Amino acid sequence: MKRLGERLKSQTPCPFGLDETCCRNCLLGPCRITSTAKRGVCGAEKEVIVARGLTRFVAGGAAAHCGHAYHLLEFLKKKYPENYIKKRAPSYLYKTWKKLGIVPEVHLEHFKDISEALHATTMGVDADYQDILKWAMRLGIIDGYYGMYLATELEDKEFGSPEIKEGALDLGVISNDKVNIAVHGHELQLASALAEEAKKYKEVNLVGVCCTGAAILARYGVPLAANFVLSEDVIATGAIEAMAVDVQCIMPSLVDLAECYHTKLITTNELGKIPGALHLPVTDEKSAKAVAKRIIKTALENFKNRRKVNIPATKTKIKVGFTPDNLDLKELFLKIKKKEIKGIIGAIGCNNPRVTEDWVSFYKKMSDLGYIILTTGCIAFKLGQAGLLDGERFFHLGSCVNNARIAEVFRRIANLSNKQITDLPFLISCPAPMTEKAIAIGFFFASLGVDVHFGYSNMFNSEPKVTNFLANILHEDFKSKIFLETSPLKLLEKIKKEGLSLDR
Ligand code: BF8
Ligand code: SF4
């Protein structure tokens, strides 16, 4: 079967879609805005269509992260915390957001906000593009707190906070002579049970993939075999006896690939079923344990069916497990104050294979220039492959929901400095976004007053009014901007010339 790289080539991205200048919000369309068709059939102008598309991206991302936290609460049989944003956000920001009327006050109201954002952006509702983009900011805040913060906090409490340790990453962590089980996706409920259970079997080699992988690497030292881009390659080694998946960033193609090899693909979340895979849902601690045992048993029995194996030798040592609690924030703050460190860049998000620019060298250059790099998600994997995750200038803070840790580092350093986040030299850079979640994360950091760079797609730059809103109007309330820069060299020039939020 065709693999990701080949499918990528055979699917040329639709230029209207890349620009968000295509609207599919009703069946009078889909409408495409061109130089001759300046409005959709309903009369919606380009800026409304682009703003709606962007906001719906953020709504999708926020729904995924809030769903992650919600699943955890259900699993733990816990209730939503009251006034969560008020408790976690810097008070000056909370006041600003409250004044703007964009912060949910009551628990579960954040789900209503996600649904109301979809309501506002459906056909024939909100036609004020600025108003629509304010919804995106509101959703960014929701994504940050009721998604990333809450999920990170619950996982740390339930499964333990990560500790700084050495780990290994890349396909070479898959073992030639052991029974390999891969766990892929985002939530920790099953992954954690598997990590505990697998310890009992000398012949089992558990490896992680994507964000779940980053989360169990930081907590249990389970090696990280792949990020999203390499998730098919994990199965294609021919050495994976079972792969368990839950939600988010799981390619349906995995089931076809598993059929080409001997791998048993197992879905473990009610939300994410794939025809052809074995479905073993995890709903509580008891079922997590039982499913973990069953997966190990299935993998052990399946070992005899292994055929030709081809495991790349690629394997890198990295330092992992950094959190706001174990990083020396006082030292960081003093170094920033004395200008021994120029600032902190959060290198976050996906590793979209549509993006071919060398962003790894860009971050390396920024580090050489005196910046500290905090990193999460699939881009962190790329930095690890390049041997940069040394725990000295590059720090791996975990999965994408663990971007809450980066936000928390910013908040605590601001506290230590007696300043606001906005006054400090911080930047978020998401060079190769792929999912809606990556866009939502960007809007969250912008709501904190940090400039946010995206390296892809043109939707941030396709309509002058929307681009101006993201670059300038946003600044009035949030003191930040969201901007597109696809070239690492040009971003470097921009930082040198304009400083962005790093020049504070
Ligand atoms: O949440 S970095 S491709 S794996 S979305 Fe997905 Fe992007 Fe990877 Fe994790 Ni984050
Ligand atoms: Fe076209 Fe308007 Fe329908 Fe969008 S909502 S598809 S612009 S008619």
Side-chain angles (χ1 to χ4, degrees), residues 4 16-17 20-34 37-53 56-57 60-65 67-68 120-127 129 132 143 147-148 151-152 183-188 191 208-217 224-232 245-251 346-355 375-384 396-404 406 430-442 444 454-456:
L4 175 65
F16 292 94
E20 275 299 334
T21 53
C22 160
C23 180
R24 292 180 295 113
N25 290 9
C26 90
L27 294 173
L28 286 174
C31 300
R32 293 189 295 195
I33 301 300
T34 63
K38 296 202 184 301
R39 285 168 182 258
V41 177
C42 66
E45 290 172 303
K46 189 178 171 189
E47 65 267 23
V48 172
I49 291 173
V50 176
R52 283 201 301 217
R56 285 186 156 232
F57 247 86
H65 283 149
H68 183 145
T121 55
T122 193
M123 194 267 193
V125 185
D126 203 343
Y129 80 95
I132 292 169
D143 182 71
M148 298 191 288
T152 299
V183 57
H184 169 20
H186 283 80
E187 298 183 357
L188 265 179
V209 180
C210 276
C211 280
T212 289
I216 53 173
L217 169 59
L224 178 60
N227 63 0
F228 170 83
V229 180
L230 292 178
S231 54
E232 288 182 337
V245 301
D246 55 14
V247 284
Q248 305 169 23
C249 307
I250 294 148
M251 287 189 268
I348 64 140
C350 323
N351 169 211
N352 185 339
R354 294 263 181 228
V355 176
T375 185
T376 53
C378 287
I379 197 71
F381 185 92
K382 282 283 277 187
L383 296 173
H396 191 308
L397 276 82
S399 66
C400 278
V401 291
N402 297 151
N403 279 310
I406 298 184
C430 177
M434 177 191 86
T435 62
E436 295 168 326
K437 289 180 287 171
I439 311 302
I441 297 166
F444 168 57
F454 282 111
Y456 193 77

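Just so we're clear, the structure is a prediction, and the values are computed from it rather than from any experiment. All ligand and atom numbering here is 1-based and tracks the order in the structure.
- Counting only distance, with no hydrogens or angles, the side chain of D246 and the backbone of H186 share a donor-acceptor pair below 3.5 Å.
- Between the side chain of T212 and the main chain of G185, a donor-acceptor pair closer than 3.5 Å is present.
- Only side-chain heavy atoms of R52 come within less than 4.0 Å of ligand 2; its backbone N, CA, C and O stay farther off.
- Judged by distance alone, the side chain of N403 and the main-chain N or O of M148 form no donor-acceptor pair under 3.5 Å.
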Identify each donor-acceptor pair in which a side-chain atom of residues 39-49 lies under 3.5 Å from a protein atom, sequence neighbours left out, and give them as a table.
| residue | atom | partner | partner atom | Å |
| --- | --- | --- | --- | --- |
| R39 | NH1 | G43 | O | 2.8 |
| R39 | NH2 | E45 | OE2 | 3.1 |
| K46 | NZ | S462 | O | 2.9 |
| E47 | OE2 | K465 | NZ | 3.0 |

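- When every heavy atom of A347 is checked against every heavy atom of I379, the shortest pair comes out as O-CG2, 3.4 Å.
- Protein atoms of type N, O or S found under 2.8 Å from atom 10 (Ni) of ligand 1 total 1.
- Protein nitrogen, oxygen and sulfur atoms, that is N, O or S, within less than 2.8 Å of atom 2 (Fe) of ligand 2 amount to 1.
- Nearest approach of E436 to F57, heavy atoms of both residues: CB-O, 3.2 Å.
- A donor-acceptor pair is defined here as one N or O able to donate and one able to accept, closer than 3.5 Å; no such pair exists between the side chain of T376 and the backbone of L397.
- Of all protein heavy atoms, the one closest to atom 3 (S) of ligand 1 is M434 CE, 3.5 Å.
- When all heavy atoms of P433 and C430 are compared, the closest pair comes out as CD-O, 3.5 Å.
- Contact detail for N227 and C378: the closest heavy-atom pair is ND2-O, 3.3 Å.
- Taking the side chain to side chain contact (heavy atoms under 4.5 Å, CB included) definition, one finds that R354 meets it with L8, Q11, P13, N352, Y456, sequence neighbours left out.
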